[in-house]
There are 2 protein chains.
Amino acid sequence: MIENDIFKALADPTRRAIFDKLASGAMNASSLREGMEISQPAMSQHLSVLRNARLVKEERQGRFVNYQVDPAGLNVVAHWLSKYRAFWPERIDALKTLLKDMDQ
Amino acid sequence: MIENDIFKALADPTRRAIFDKLASGAMNASSLREGMEISQPAMSQHLSVLRNARLVKEERQGRFVNYQVDPAGLNVVAHWLSKYRAFWPERIDALKTLLKDMDQ
DNA sequence: ACAACACATAAGCACACACTTATGCATTGA
DNA sequence: TCAATGCATAAGTGTGTGCTTATGTGTTGT
């Protein structure tokens with residue numbers, strides 16, 4: 001179940017930080033580690049979890065692996081969230097009708 | 001950190017199922033258990049986690065405790081998601097501009 | 001008053017998870 | 001060719017998590 005993989009992946013704060021960093025621009029695993037006090041294997045394992053959840057996708061470039069955000073995972077979160085739009089605050093009420101189109 | 005509590009709470013499939021059931025209408029803990037093969041303490045513990053994440057709020061009614069969805073938690077997820085709208089599929093592109101207003 | 005009920009909490013246990021160190025596997029540049 | 005580099009994987013370890021059984025606390029109806 002992909003939805004479960006996604007929410008489990010996002011449950012870790014380090015992984016959300018990695019994802020957030022990646023959202024500001026694609027980069028390889030070494031660049032991701034910069035300023036993040038995390039070991040190389042730990043980073044590799046986190047990226048593996050994120051990739052498995054389709055939150056991130058990789059592209060090998062020589063001995064580097066370039067990582068970037070994969071919209072697929074985010075889309076699942078968006079759809080999960082859209083199921084509960086009835087409970088969203090009124091000030092983003094306009095969002096509700098738009099999300100209705102999302103369902104098809 | 002509330003965001004962390006929320007994502008950790010949503011990481012469990014049983015908890016997401018409870019939340020989903022609650023989204024279809026407020027009810028007490030016993031009603032929630034119906035058709036869910038879950039022990040009473042387990043349900044109580046899950047509700048405690050959801051309440052702590054502000055995904056759910058309670059209202060005591062005599063010896064019953066009525067639970068309902070708390071928009072606060074959902075709102076945090078919505079804001080988290082809005083940070084990455086640049087990666088959302090094009091077909092919900094109209095959503096981007098609207099979410100821009102959300103940031104203020 | 002008291003039994004039945006709704007729910008919370010405590011304690012213990014099996015398993016999942018995030019880390020570590022060690023090592024393996026390609027790829028690159030000298 | 002070979003050392004250095006980028007990354008993945010294996011194995012082990014401490015901690016967190018979700019469950020269980022047992023018990024506690026407050027409320028209701030008789």
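We use all heavy atoms of the structure for the numbers below, so side chains are in, but hydrogens, waters and symmetry mates are not. In what follows, chains are A, B, ... by sequence order, proteins preceding strands, each numbered from 1.
Taking atom CG on B:Asn4 and atom P on D:dG16, their separation rounds to 13 Å, with Å as the unit. For A:Asn28 and C:dA26, the CG to C1' distance is 15 Å, given to the nearest whole Å. Between the CZ atom of B:Arg51 and the C1' atom of C:dC7 there is a distance of 10 Å, given to the nearest Å. We find that CZ of B:Arg63 is positioned 9 Å from P of C:dC7, with the value rounded to whole Å. Atom CG of A:Leu50 and atom P of D:dC7 are 15 Å apart (whole Å). One can place CG of B:Leu47 at 12 Å from P of D:dC19, the figure rounded to the nearest angstrom. Rounded to an integer number of Å, the gap from A:Glu58 CD to D:dG6 P is 17 Å. Atom P of nucleotide C:dT27 and atom CG of A:Asn66 are separated by 17 Å, given to the nearest angstrom.
In summary, of the residues considered (B:Leu55, B:Leu74, B:Leu50), a side-chain contact (heavy atoms from CB on, under 4.5 Å) with B:Val69 occurs for B:Leu74 alone.
Taking the six-membered ring where the residue is Trp, A:Trp80 and B:Phe19 present parallel rings, their angle staying beneath 30° rather than reaching 60°.
Not one side-chain nitrogen or oxygen of B:Tyr67 sits closer than 4.0 Å to the OP1 or OP2 atom of C:dA6. Checking the phosphate oxygens (OP1, OP2) of D:dC19, a side-chain nitrogen or oxygen of B:His46 falls inside 4.0 Å. Side-chain N/O atoms of A:Ser44 include none lying less than 4.0 angstrom from OP1 or OP2 on D:dC7.
Between A:Asp12 and A:Phe64, the residue anchored closer to the 5' end of DNA chain C is A:Asp12, taking for each the nucleotide with the nearest heavy atom. Mapping B:Lys8 and A:Arg60 onto DNA chain D by nearest heavy atom places A:Arg60 closer to the 5' end of the strand.
The end-to-end axis angle of the helix from C:dA1-D:dT30 to C:dA30-D:dT1, rounded to 10 degrees and based on five pairs per end, is 20°.
Looking only at side-chain heavy atoms (C-beta outward), B:Val56 and B:Ile18 stay at 4.5 Å or farther from each other. Contact check for A:Asp12 versus A:Val49: no side-chain heavy atoms found under the 4.5 Å cut-off. In this structure, B:Asn28 and B:Gln61 have side chains that are not in contact, with every pair of non-hydrogen atoms separated by 4.5 Å or more.
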Q: Give the intermediate values and the outcome of side-chain hydrogen bond (donor to acceptor under 3.5 Å, both in side chains) for residues A:Asn4 and B:Arg16.
A: CA-CA 9 Å; A:Asn4 202 44; B:Arg16 287 199 306 279; 3.0 Å; yes
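Considering every non-hydrogen atom in both B:Ala26 and B:Asn66, the closest pair reads CB-OD1, 3.4 Å.
The base of C:dT20 sits with one of its N or O atoms less than 3.5 Å from a complementary donor or acceptor on the side chain of A:Gln45.
Across C:dA10, C:dT20, C:dC7, the shortest atom-to-atom separation from the side chain of B:Pro41 is found for C:dA10.
Contacts of A:Arg15 with the nucleic acid, taken as non-hydrogen atoms under 4.0 Å apart, involve only primed sugar atoms and P, OP1 or OP2.
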